[in-house]
Amino acid sequence: MDILRFATAGSVDDGKSTLIGRLLYDSKAIFEDQLEAVERTSRDRGTEYTDLSLLTDGLRAEREQGITIDVAYRYFATPRRKFIIADTPGHIQYTRNMVTGASTADLAIILIDARKGVLEQSRRHAFLTSLLRVPHLVLAVNKMDLVDYSQARFEEIRDEFTAFASKLNVSDLTFIPISALNGDNVVSRSENMPWYLGTSLLHHLENVHIASDRNLTDVRFPVQYVIRPQRATDPAFHDYRGYAGQVAGGVLKPGDEVVHLPSGLTTRIASIDTFDGPVEEAFPPMSVTLRFEDDLDISRGDMIARPNNQPNTAQELEAMVCWMGDGLKLTPRTKLTIKHTTRTARAMVRELHYRLDVNTLHRDEEATSLALNEIGRVSLRVTQPMFVDDYARNRLTGGFILVDEATNGTVGAGMIIDAS
């Protein structure tokens, strides 16, 4: 059974947490004691209905204010598929939290209040999901019950958003009118909107095709750990040498010829081991241990690829960076630690080309720094070679994070534009 990771996004009070609560409740994915706690809290707050948003808003400040602050992850499954949900905040000052939640998503649900229409924050989150290359986008027009389930209002919002999305890199866009509070078109089709001929939201989530979204062409295997169980009581493991990691691209099979980077030496795969035993092939996002026919000097941070299909080896990186540093700004000559796949090195900002206005898509080439939640294009100089691809080609080998050397806190997330 495959796993679909999806994130919710949108403006404040558009009903993101309520939608996830409704999904969990209607798909029977919550326990009785959880539901009782939510019902009790709803009564204590004087709410006439069960506030399902409390299922995801766990922080005390979130419950007091009725907003989402941090990314909340929830898990549930149906007979068709498993789901990992990232409930991301809507406020502009929590843009970095939204980027974190959407960075690993296969699909993003952008909620829009049917009364308010497409807001500035709706556009901002749509742009960020396209920048992060989230393959599938669902525009859920929520609170349809407050506009009398109007078909005209839904089509007006759909046309306005379609015009905006034409400027973005969105490959798959779906529109669904819903009422998260009442459950219309969330898990089952709504009788209140007979004019809507599409599927419910859960049906779309269960059936959206994600297998082809991952790069199965370019073999990329960043080595995370070398396994040498030298003291094993089983004689078969005395000479065992395996290289563990997560497949970032392509398909690996025993007997395949591969190249080790940075040495450039070639060998063949002897076997592919997993926790459950040997397998005949490995593909993203499987975590496996590779064994090779030859003994090579391989360590953490190295890369396994195909001899005729290698990633770019670069120390100069051009990237879009979302700055997450609170109290620290990104400026030319800022020194940072870069973490790319399993490799860590030091980096220096050579140049800030422009700062991007997320609302108008205007490029401010006069900008001299990036502050919290701002996005811009930068050039980086790295102390050791990185094995990279364009982010548009491979999100795993094209993305990286920047870490403040003084505090060891993550201050930036980057997407490589030009790997050459």
Side-chain angles (χ1 to χ4, degrees), residues 1-10 16 19-20 23-24 26-27 29 71-88 98-111 125-140 161 165 168-176 178 185-187 198-222 245-253 274 279-288 341 389-399 413 415:
M1 191 184 295
D2 65 346
I3 298 175
L4 175 77
R5 294 172 175 264
F6 70 92
T8 57
K16 296 180 292 297
L19 172 64
I20 291 178
L23 268 175
L24 296 172
D26 284 2
S27 61
V71 183
Y73 292 95
R74 288 292 177 270
Y75 310 88
F76 77 104
T78 66
R80 291 188 62 91
R81 184 174 263 172
K82 294 179 181 177
F83 299 94
I84 300 177
I85 317 169
D87 182 20
T88 68
M98 182 267 163
V99 169
T100 302
S103 61
T104 57
D106 302 304
L107 179 145
I109 302 173
I110 295 184
L111 271 85
H125 283 186
F127 169 74
L128 289 171
T129 54
S130 73
L131 183 69
L132 292 163
R133 300 281 175 168
V134 179
H136 307 279
L137 192 59
V138 173
L139 191 83
F161 191 84
L168 307 177
N169 190 357
V170 179
S171 56
D172 177 30
L173 179 58
T174 305
F175 296 89
I176 302 176
I178 65 169
N185 283 337
V186 178
V187 170
T199 65
S200 69
L201 177 61
L202 183 61
H203 184 273
H204 180 73
L205 295 175
E206 284 183 324
N207 292 280
V208 65
H209 184 67
I210 60 170
S212 59
D213 298 334
R214 299 185 172 96
N215 187 326
L216 299 177
T217 306
D218 308 319
V219 168
R220 303 288 185 265
F221 184 80
Q246 184 182 40
V247 183
V251 179
L252 294 162
K253 297 180 181 179
T274 68
V279 294
E280 288 304 309
E281 64 176 13
F283 47 85
M286 289 175 63
S287 294
V288 298
T341 61
D389 295 290
D390 289 350
Y391 187 80
R393 189 170 182 89
N394 192 317
R395 291 168 76 188
L396 291 174
T397 56
M415 292 139 281

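In what follows, every heavy atom counts, from backbone to side chain, and hydrogens, waters and symmetry copies are set aside.
Residues V186 and L23 meet the side-chain proximity criterion, which asks for heavy atoms closer than 4.5 Å. Residues Y73 and I85 form no side-chain contact, since every pair of their non-hydrogen atoms from C-beta on lies 4.5 Å or further apart. At a threshold of 4.5 Å between non-hydrogen side-chain atoms, the residues L107 and H204 count as touching.
Once rounded to the nearest 0.5 Å, the distance linking CD1 of I178 with CD1 of I109 reads 7.5 Å. Put simply, CD1 on I176 and CG on L201 are 5.0 Å apart, with the number rounded to the nearest 0.5 Å. Atom CZ of residue R220 and atom CG of residue N394 lie 7.0 Å apart, to the nearest 0.5 angstrom. To the nearest 0.5 Å, atoms CG (L173) and CG (L139) are separated by 6.5 Å. Note: F283 CZ to K253 NZ = 11.0 Å, rounded to the nearest 0.5 Å. Taken from CZ in F175 to CG in L137, the straight-line distance is 8.0 Å, to the nearest 0.5 Å.
The shortest non-hydrogen separation linking P284 to A248 is CG-C, 4.1 Å. Across all non-hydrogen atoms, the minimal contact from A7 to A102 is CB-CA, 4.2 Å. For R80 against D2, the heavy-atom pair with the smallest separation is O-OD1, 4.3 Å. Nearest approach of T274 to S287, heavy atoms of both residues: CG2-O, 4.5 Å. Nearest heavy-atom pair across P222 and Q246 is CD-O, 3.5 Å.
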Task: Derivation of the side-chain contact (heavy atoms from CB on, under 4.5 Å) call for L205 and R81 - done: CA-CA 9 Å; L205 295 175; R81 184 174 263 172; 5.9 Å; no
Open item on the list: Using the rule given for side-chain contact (heavy atoms from CB on, under 4.5 Å), can you reason through V208 versus D172, listing the C-alpha separation, both sets of side-chain angles and the distance that settles it, and then say yes or no?
Closed with: CA-CA 10 Å; V208 65; D172 177 30; 4.2 Å; yes
Task: Check against side-chain contact (heavy atoms from CB on, under 4.5 Å), T397 and T341 - done: CA-CA 6 Å; T397 56; T341 61; 4.2 Å; yes
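For S200 (side chain) and V187 (main-chain N/O), a donor-acceptor pair under 3.5 Å exists by modelled atom type.
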Got a list of side-chain donor-acceptor pairs under 3.5 Å for residues 126-135, not counting sequence neighbours?
unit_1	atom_1	unit_2	atom_2	d
T129	OG1	H125	O	3.2
T129	OG1	A126	O	2.7
S130	OG	F127	O	2.7

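Ring planes of F83 and F76: parallel class, angle under 30° (limits at 30 and 60°).
Within the structure, salt bridge (Lys or Arg N to Asp or Glu O under 4.0 Å) pairs that include any residue of residues 204-218 comprise D106-R214, D218-R393 (at least two apart or interchain).
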